Amino acid sequence: MKKYDPIKIEEKWQKIWDETEAFKAKTSKEAKADGENVQKMFLAEMFPYPSGAGLHVGHVRNFSIVDAMARFYTQQRLNVLRPFGYDTFGLPAENYAIKTGISPEVATKQNIDNFRKQAKRLGFAIDWSREINTSDPKYYKWTQWCFLKLFEKGLAYQKESYQWWCPVDQTVLANEQVENGHCWRCGTEVEKKKMKQWFFKITAYADELLDEVDSLDWPEKIKVAQKNWIGRSEGAEISFKVDNDDNQFIKVFTTRPDTIFGATFLVLAPEHPMIAKIMTENAKEKVLDYCKEAIKKSEIERQENKEKTGVFTGAYAINPATGKQIPIWVSDYVLMGYGEGAIMAVPAHDERDFDFANKFDLPVIEVIEKPEDETEKCYHGEGKLINSDRFNGVESADARDGIIKWLEDAGIGKSRVTYKMRDWLISRQRYWGCPIPIAYDKDGNPHAIPEDQLPVIHPEVEDYKPDSTGRSALAKAKDWLKVTIDGEEMTRETDTLDGYACSSWYLWRYVSPDCETAAWDPEEIKYWAPTDVYCGGDHAVAHLLYVRFWCKFFADLGYLPFREPVKRLLYNGYINAPDGKKMSKSKGNVIDPLDVINSGYGADTLRTYELFIGPYNEDAAWSTKAIGGVYRFLNRCYNLVFNPENTVDEKVNIVARNKTAKKVTEDFHRAGFNTAVAALMEFVNELYKNGASEADLVVLAKLLKPFAPHLASEMLEELKSDDEWPTWDEKALVADVVEVVVQVNGKLRAKIQVPAEELNDTDKLTALALAEENVKKYVEGEPKRVIALPKAKLVNIVA
RNA sequence: GGCCGAGUGGCGGAAUUGGUAUACGCGCUAGACUCAAAAUCUGGUGCCCUCUGGGCUUAUGGGUUCGAGUCCCAUCUCGGCUACCA
């Protein structure tokens, strides 16, 4: 009796895979030389940030999904590319460096080595010759090249913007370093500091990013999240003249120009540049105080306290519709970053304006007729206009067009589209990031570092803390800072790029990771991209939107022959602790995948369990008991091949064998991994009942391989079989005798056995059904109607 | 507040096009093997009853249909994302 020893089997196969470079993808040239029929398949998971803690069970789930699919397509003899990489720039490594003095570069290398070792221990079918690392100069040279392309086209630009600032540590803080409005390190209340920063003009692609969402084979919730994030709204831009000053106008944006007759005051964002020009002497002190406080306010405070605040500027504007004088206020509920940073307030039909009017006792004029059953004080729906002069009685939708036309004719407004999405702020005053390839001349003008001087190497420093001027620790590399461009002495940019920039193009680097002449080889990208299957459980908007943005940009430049980077997106759920709570070190409920493997289960059990645990796209709770069931299943598979008790004629399980092959194949196409494993379990149960033929075992091992590749390889070796994915015979799916269900009035009353060849004879089926004793009991006289459905194997009698 | 998703046994879940609800696994339980235990194997396992049979059951209440977990309407509960976007 041989015993299933996963540790030994896995060691053996991992060594073989490593030595033979078993998962190396063919380049486009090699594939073409092999013949026209070879289809390509490019799969990837969202590459990990290699933390010091090593792989966690969430990684394992994510990678196991991609691995199962990669192996499935490999067994179908496609040319599969399944690469791997590391997203290594980022705050954790920098924080660790500040704390320990160990350079991020050194720590990152260690973490990568550990991740690689662990990924290999899990037996993933990775093409290790294509490994990439975003903090490797060979990689970030091309991240910088991408930046320069955006800079060249005017899509990378500088703008003043507020940044978190800790007045005690004298340092900028990343969002993650601000905890409830306080510095993560010293606990001081943080401030906002205005600094010049780099942005990518993603808004230039807002419409295309929005329009093409619908055509994507992505989960609905991600598509909706992206649409909401882009947040397109149509409306109008309207100029309000400031009273007693013919030269001053305030522009507002509104989606409801039809309510303009109800605009009883204007509100400006505290950052609005017009405030200083219009405020009266009397109001000046109060207004400036308010603005200063509001700008300092953290977003957290704004969220906590939704009570409206504000201050009157002392100035008035003229409502162009009514000709009436209306007061101009300032309030932080108006955001400078959206629309014009100013609104016309219509308190009768906007809840926020209503609250504000209530608090400061401002007039409310209804201009849209409320439906009779409407109970809310503030009606924001559609209806006929009232109190609106010549527009009275017009439906609000029509009035919008009419009023915009009138505004255009009068030269004081026009229709306009705005987006919630802002341009992407990419400056980070951090050390451990990709240097921005820019230098400044004496006058502070930015210049591109010439392409032949790339990469701008990330310099080593002694102290990783940002300096007190708000610059990153790169400013401490004094020699590095100096650069000569076209004979002119310049100073390098010390901001680094947001990590999302590094990950916005890595999928394309995979096709030619060693290419020294381009970010991606044009031939290879043409063959491999776009990515066929991309799998991850995070970044619903940020990363997945940025990749789409860069794809469109580089497509416009002619570098990419496609406009959407990811054909099919699989968005996997999290694995939680057995109590259903998130795993975290502090709670002490973390399951370490390596512990699970080493406890004797092995990688095959772990991987299969994580795919069996539930639908891949839903969260699941770890169960230390249930994983034992998967181990028992694999053990049964092992025994069928290595300790057979009896072999049978290969016809015995012909239906089950073909059904299982079909089921597992179809489940792969719809990513139903949990049900595919269940189908394999059913098949094994069947083989235990009926005995197994060699043909049964070969099919079992082949179908099992994407889930438990080591064990399946061992089985296939014993069976002297290749691993080519099995096909099935549609005709063999039907048994000789079929069970047909008989219902009376939709209630199950009997089951009859019908020879397969008689199944399609509905008259015969009906007769057989009516002849059943238990059916007769419920049918008195002639049935009203009989529905006989051979395909559903069902007869329903209406009595 | 807005948007999205989900509610099925003791538990994780299955039912893919409206057609046998509860596949598969866990747990529990009985038996075989064993001096015994573990492991393994075989069977049972939604609930209720007047138990060779029958009734009920997919969060709740209605509806459409020969037939509803699935479609429609209303209500409740939970989870996620987002958050003063004019």
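These numbers come from a predicted model, not from an experiment. Quick note on labels: first sequence line is chain A, next is B, and so on, each numbered from 1.
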A.B. asks: Select from A:Leu748 and A:Ala342 the residue whose nearest nucleotide in RNA chain B is closer to the 5' end of that strand.
C.D. replies: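 Residue closer to the 5' terminus by nearest nucleotide: A:Leu748.
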A.B. asks: Using a cut-off of strictly less than 4.0 Å, decide whether A:Ser623 has a side-chain nitrogen or oxygen near OP1 or OP2 of B:C11.
C.D. replies: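 For B:C11, neither OP1 nor OP2 has a side-chain N or O of A:Ser623 closer than 4.0 Å.
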A.B. asks: So does A:Tyr778 get a side-chain nitrogen or oxygen closer than 4.0 Å to the phosphate oxygens (OP1/OP2) of B:G54?
C.D. replies: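 Yes, because at least one side-chain N or O of A:Tyr778 sits under 4.0 Å from OP1 or OP2 of B:G54.
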A.B. asks: Can you give one letter per nucleotide of nucleotides 63-73 of chain B, going 5' to 3': B for a protein heavy atom under 4.0 Å from the base, S for sugar-phosphate only, - for none?
C.D. replies: ---BS------
A.B. asks: Side-chain donor-acceptor pair under 3.5 Å between A:Thr309 and A:Tyr290, yes or no?
C.D. replies: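 On atom types as modelled, these side chains qualify, holding a pair under 3.5 Å.
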A.B. asks: Answer whether the closest heavy-atom distance between the side chains of A:Leu268 and A:Met336 falls below 4.5 Å.
C.D. replies: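 Side-chain contact under 4.5 Å: no.
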A.B. asks: Closer than 4.0 Å, any side-chain N/O of A:Arg636 to the OP1 or OP2 of B:U42?
C.D. replies: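 Answer yes for this pair, as a side-chain N or O of A:Arg636 is under 4.0 Å from OP1 or OP2.
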A.B. asks: Both A:Val541 and A:Asp350 contact RNA chain B. Which one's nearest nucleotide lies toward the 5' end?
C.D. replies: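 Its nearest nucleotide lies further toward 5', so the answer is A:Val541.
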A.B. asks: I'd like to know if A:Lys659 and A:Glu682 make a salt bridge, using a cut-off of under 4.0 Å between side-chain N and carboxylate O.
C.D. replies: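 Salt bridge: no.
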A.B. asks: Give me the residues of residues 673-681 of chain A where at least one heavy atom lies under 4.0 Å from an atom of RNA chain B, by number, or none.
C.D. replies: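 Under 4.0 Å from RNA chain B: A:Asn674, A:Thr675, A:Ala678, A:Met681.
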A.B. asks: Hey, does the side chain of A:Arg749 come within less than 4.0 Å of B:G55's phosphate (OP1/OP2), counting only N and O?
C.D. replies: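 For B:G55, OP1/OP2 do have a side-chain N/O of A:Arg749 under 4.0 Å.
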A.B. asks: Are A:Asn774 and B:G54 close enough that a side-chain N or O sits under 4.0 Å from OP1 or OP2?
C.D. replies: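 For A:Asn774, the contact criterion (side-chain N or O under 4.0 Å from OP1 or OP2 of B:G54) is met.
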